[in-house]
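See structure below.
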Amino acid sequence: MKEKYFPQETEQRWQKRWADERTFEVKEDPGREKFYCLEMLAYTSGRAHIGHVSNFAIGCALAWYKRMRGFNVLHPFGWDAFGQPAETAAIKDGTDPEKFTRDAIAYMKWQFQRMGISYDWSREIATCDPEYYKWNQWFFIRMWERGMLYRKLAPVNWCPKENISLSNEQAHGGVCWRCETPVIQKPLMQWFARITDYADQLLEGLDRLEGGWPERVINMQRNWIGRSQGADVTFQVADSHESITVFTTRIDTIFGANAIILAPEHPLLAKILEDKPQRDEVLAFAEKLKKEQRSERVEELEKHGIFTGAHTINPFNDERLPIWIANFVLIEYGTGAIMSVPSGDQRDFEFSRKYNIPFRQIKLTDDRREISPEEMETADESWSTTVNTGQWSGLSSEEANRLMTEYAEAHGFGKGAITYKLRDWGISRQRYWGTPVPMIHCERDGALPVPDDQLPVVLPKGVNLKVEGGSPLDHVPEYVNTTCPKCGGPARRDTDTMDTFVDSNWYYFRYCDPHNDQRPFDPEKAHYWMPVDQYIGGIEHAVMHLIYTRYWCKVMRDMGLVKFDEPVSRLLTQGMIIKETYYCPEHEWLFPEQVIDQKTCAICGKEVITGRVEKMSKSKKNAVDPIEMINIHGADALRLFVLFAGPPEKDKEWSDTGFEGAARYLQRIWRIAYKWNERIVSASELSINQLDLSGHQRKLRRRTHQIVRSITENFEERLHLNTCISSLMELTNEIYAFDQAVEKSGDISDSDVAVAREAFEALIPMLAPFAPHISEELWQSFGHKETLARATWPSFSPELAREEEIEVAVQVNGKLRSRIFVGADAGDDDLRVAALADEKVRASTDSREIVRVVVVPKKLVNVVVR
RNA sequence: GGGGAUGUGACGGAACAGGCAGACGUGCGGGUCUCAAAAACCCGUGAGAUAACCUCUCGUGUGGGUUCGAUUCCCACCAUCCCCACCA
């Protein structure tokens, strides 16, 4: 063992040993309790970033801890390898998306392995492997057979100049990202998954996730599902057999309705316009609204609409209400039609004011006044008391709502209804780099699945990606042209590929049985490992991925593949690593070294805008390259720093000096261990419990047990890894203090060695989750042959952790006045007596009447005086 | 517009269940070692009053409230951030 610690050499040596000995590879063991620790699969961008380090470091720490606690820990890793950026890069460079992706995986894997994360690499998967996406196709077909998928015409972002479909990102700001042509919505036949059938289950499941999932994510999912309870009410169209149904959450305001407003896409529009003179004008207007660009900012959107000439009858009071169309009514929500109640809804209010549609007041204010419509400046959306509401006038809004829903139901023109914001999930993409949809279209037999024995439908290679119109696969005749599995006649393959969220729906089930070529996974194996005990990833997946994957689990349950409803028991959304940015008005974003004194541009001398602390990005020149950092102080120091900078779920600011501090700490442990390990290894193993310990020895022993307790509890409950690291530092400082006391006493006794051994043999295993390489090296230097991965987590004794003497705060009227020291077993009465006898307390209670004495056991006494 | 989160020294953060605010680290100041520097080790470091140890006062965004006692609970406000959004 050397005097100084050299991380690079040590880290690579241990990484090799772990790989050679297959230290982290696991298999099912029914005799042992399992723990499934999962980080979100990595997108194959081509380069590791600091966010990966933070994500993996959290998971790895927990995996190490659970391993040492005796769990059979599954900690796998894989690649989210399909998707548009690889295709984009390939178009740009004229390369092949597959080559781009394979190269990215090779390079990133090398980078990730230098971080020394304790993965079972034998289970590695990449979603672009046919052996993996075969099962996406298998699931697709099973779902299609069960009616869980369907095809419908739905709008996609379309660039009319280049004739290609665009993703939402590519259509950002409403223009094509390449030629800046305004994007239009073009309807295409696309595949949808009936996730809305599971809306209620997805919502109810959230209740059970409470406690294990962050409140924030649960709220976002609730919001996303967006359940609204209300009523459907049917309005007859005047002089017609047609009727229009609207959804409302406020049926109690229906007497205030002054119009029915349809979305421009409403299917009944053409019908009600049939005999109207304004027919052509209204249809043209509707077309205009449909083409209208959906602006980024809702507030900036001007409301406009047009009267259709038709009327409906309000079923509650037989009033004739005009039918309008307007841009703010959405075809995709509710029934695509609303009743306009200006006095109770701000949007309706604005619309009616703009077009001078008269309306009526239907609610009282809080102080029970009735404001005339003319006086109103905004709508009153509150729940208060009804007025002008026929036989329901004077009721509370809630009661009127209930009674009027019942009335509508009884009279057959309405009923209670629930509406969701959640839409069916469009899984079609008109792109190349994804899982091919395994369907065949036959003129005679319609859409048919590819027979199972022909799976996977392999993505053809060497495809021209710069095609005009449709998907690149449309232009590959040898792929498209096939035969119908039913009639044997000529047929066409479906050329859509699947949304990459399909890949990430079930990858962690595949980890349980990654090489199975008969099934997506063996249900027995999944039954052993699943559900995931701890999932760790970014908040950006709070809704999409984390809803889709919950949905998929329920689908698999309904197929009989799994036996539980929720795939992830505990979720941790880690924060980002952020760093300050510098912006020069002349030279834009600057690297820190291009800035003098944090305020002047080194190139032009202009004043620099010290930007907000932001997510690291290449373009803002505030990114920190993990491999560069590993080259400076090693992976352990890097991991230690990102975990120490703050609690896992919060954003953490990068600090060069903080990173150095982490490296310094590791050297500090190394030095003190180096000083003691020879003594400890060569000393005979004495039973520490039989030794008579002196003051400094008892103190180190007590602190050791206290800190083991605190770190253990933290891992079990809060997972605030930053405070675990503080505790490790405290124990290290305690060993230094102990070492000084030993120096002072002049010689080293057997009991000194025994106490130091106990401290180091607690400290080193507890360091392993945060800095495994140095821990392994130290562990070995203390005479252990086995890897720490097979070591046992240190235990603590509450008895030994107990303070001998406790310091008790004494307050008078809640203000700190004194501190007293009492024996650890002092009871409440002892504390009371000691506190009242204290000189300072007597001074400040002198001549005043003691009303009460509050005693917090072993902590505090508060003397209340008048 | 709706939903949510956060606010503590110079800085990152700690205080677990309402009980000594500021653990741990960074930075800064001082010391030891050294010819010197770096490194290392040790000490100090919320603000103010006091010559000074003691001691006292103030202090967790602002203002109220509950309580013997509030960083912690409640109400209002201010600020910052995030998510969703003409969602009927």
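By convention in this document, chain letters (A, B, ...) are assigned in the order of the sequence lines, proteins followed by strands, and residues within each chain are numbered from 1. Because the structure is a prediction, the values reported are computed rather than measured.
- Among the heavy atoms of the strands lying under 4.0 Å from Glu807(A) is at least one base atom, whether or not backbone atoms are also near.
- Nucleotide C20(B) forms no Watson-Crick or G-U wobble pair with any nucleotide shown, as no partner meets the under 3.5 Å limit on both distances.
- Phosphate contact (OP1/OP2 of A5(B), side-chain N/O of Lys650(A), threshold under 4.0 Å): absent.
- Under the 30°/60° scheme for interplanar angles, the aromatic rings of Phe641(A) and Trp654(A) are found to stand perpendicular.
- On the C1' atoms, C20(B) is 16 Å away from G46(B), given to the nearest whole Å.
- Dashed line: the shortest gap from a side-chain N or O of Arg664(A) to OP1 or OP2 of G27(B) is under 4.0 Å.
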All N/O pairs under 3.5 Å across the protein-nucleotides 67-72 of chain B interface:
from	atom 1	to	atom 2	distance (Å)
C68(B)	OP1	Arg852(A)	NH1	3.3
C68(B)	O2'	Asn862(A)	ND2	3.4
C68(B)	O2	Asn862(A)	ND2	2.4

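- On the C1' atoms, A10(B) is 13 Å away from A47(B), given to the nearest whole Å.
- Taking the six-membered ring where the residue is Trp, the centroids of Tyr355(A) and Trp324(A) are separated by under 6.0 Å.
- Looking at heavy-atom distances under 4.0 Å, Ser228(A) makes contact with sugar-phosphate atoms alone, never a base.
- Geometrically, Arg671(A) does not engage Trp676(A) in a cation-pi contact defined by less than 6.0 Å to the ring centre and at most 45° from the axis.
- Atoms CH2 and CG, on Trp213(A) and Leu206(A) in that order, are 7.5 Å from each other to the nearest 0.5 Å.
- C24(B) and G13(B) are spaced 8 Å apart, taking the C1' atom of each and rounding to whole Å.
- A51(B) makes up no base pair with any nucleotide shown, lacking Watson-Crick or G-U wobble contacts both under 3.5 Å.
- In this structure, Asp348(A) reaches neither bases nor backbone, as no heavy-atom distance under 4.0 Å exists between it and the strands shown.
- Nucleotides G59(B) and A5(B) are separated by 25 Å at their C1' atoms, to the nearest Å.
- Using a 4.0 Å heavy-atom criterion, one finds that Thr248(A) contacts the sugar-phosphate atoms exclusively.
- In this structure, G46(B) is classed as anti because its glycosidic torsion departs from zero by more than 90°.
- Under a 3.5 Å cut-off, the side chain of Ser340(A) and the backbone N or O of Ala257(A) do not form any donor-acceptor pair.
- Rounded to the nearest 0.5 Å, atoms CD (Glu734(A)) and CZ (Arg702(A)) are 9.0 Å apart.
- In this structure U66(B) sits in no base pair that meets the Watson-Crick or G-U test at under 3.5 Å.
- Taking atom P in both C56(B) and G4(B), the straight-line distance is 45 Å, to the nearest Å.
- Base engagement by Lys303(A) is indicated by at least one non-hydrogen atom pair under 4.0 Å involving a base atom.
- Under 4.0 angstrom from either OP1 or OP2 of C41(B) there lies at least one side-chain N or O belonging to Arg671(A).
- Within the 4.0 Å cut-off from OP1 or OP2 of G2(B), not a single side-chain nitrogen or oxygen of Arg347(A) is found.
- Within the nucleic acid shown, Arg817(A) comes within 4.0 Å of sugar-phosphate atoms alone, with no base atom in reach, counting heavy atoms only.
- The backbone N or O of Arg360(A) lies less than 3.5 Å from a partner atom in the side chain of Ser343(A), making a donor-acceptor pair.
- A distance of about 23 Å separates the C1' atoms of U67(B) and G61(B), rounded to the whole Å.
- Within the structure, every side-chain polar atom (N or O) of Thr723(A) is placed at least 4.0 Å from both OP1 and OP2 of G13(B).
- The separation of U26(B) from G65(B), taken at their C1' atoms, amounts to 39 Å, rounded to a whole angstrom.
- Judged by the 6.0 Å and 45° rule, Arg668(A) forms a cation-pi pair with Tyr736(A).
- Rounded to the nearest Å, the gap between the C1' atom of G25(B) and that of A14(B) is 11 Å.
- Within 4.0 Å of Lys421(A), counting heavy atoms only, lies at least one base atom of the nucleic acid.
- Partner assigned to A40(B) is U32(B), using Watson-Crick or G-U wobble distances below 3.5 angstrom.
- Contact between the side-chain N/O atoms of Tyr736(A) and the OP1/OP2 oxygens of C41(B) is found at a separation under 4.0 Å.
- Using a distance-only test at 3.5 Å, with no hydrogens or angles considered, a donor-acceptor pair links the side chain of Asn862(A) to the main chain of Gly814(A).
- In this model, the phosphate group of C41(B) is approached by a side-chain N or O of Arg668(A) to a distance below 4.0 Å at OP1 or OP2.
- Of the side-chain N and O atoms in Asn733(A), one or more sit less than 4.0 angstrom from OP1 or OP2 of G25(B).
- For the pair Asn223(A) and G2(B), the criterion of a side-chain N or O lying under 4.0 Å from OP1 or OP2 is not met.
- If you check every strand for non-hydrogen atoms under 4.0 Å, Lys858(A) touches nothing.
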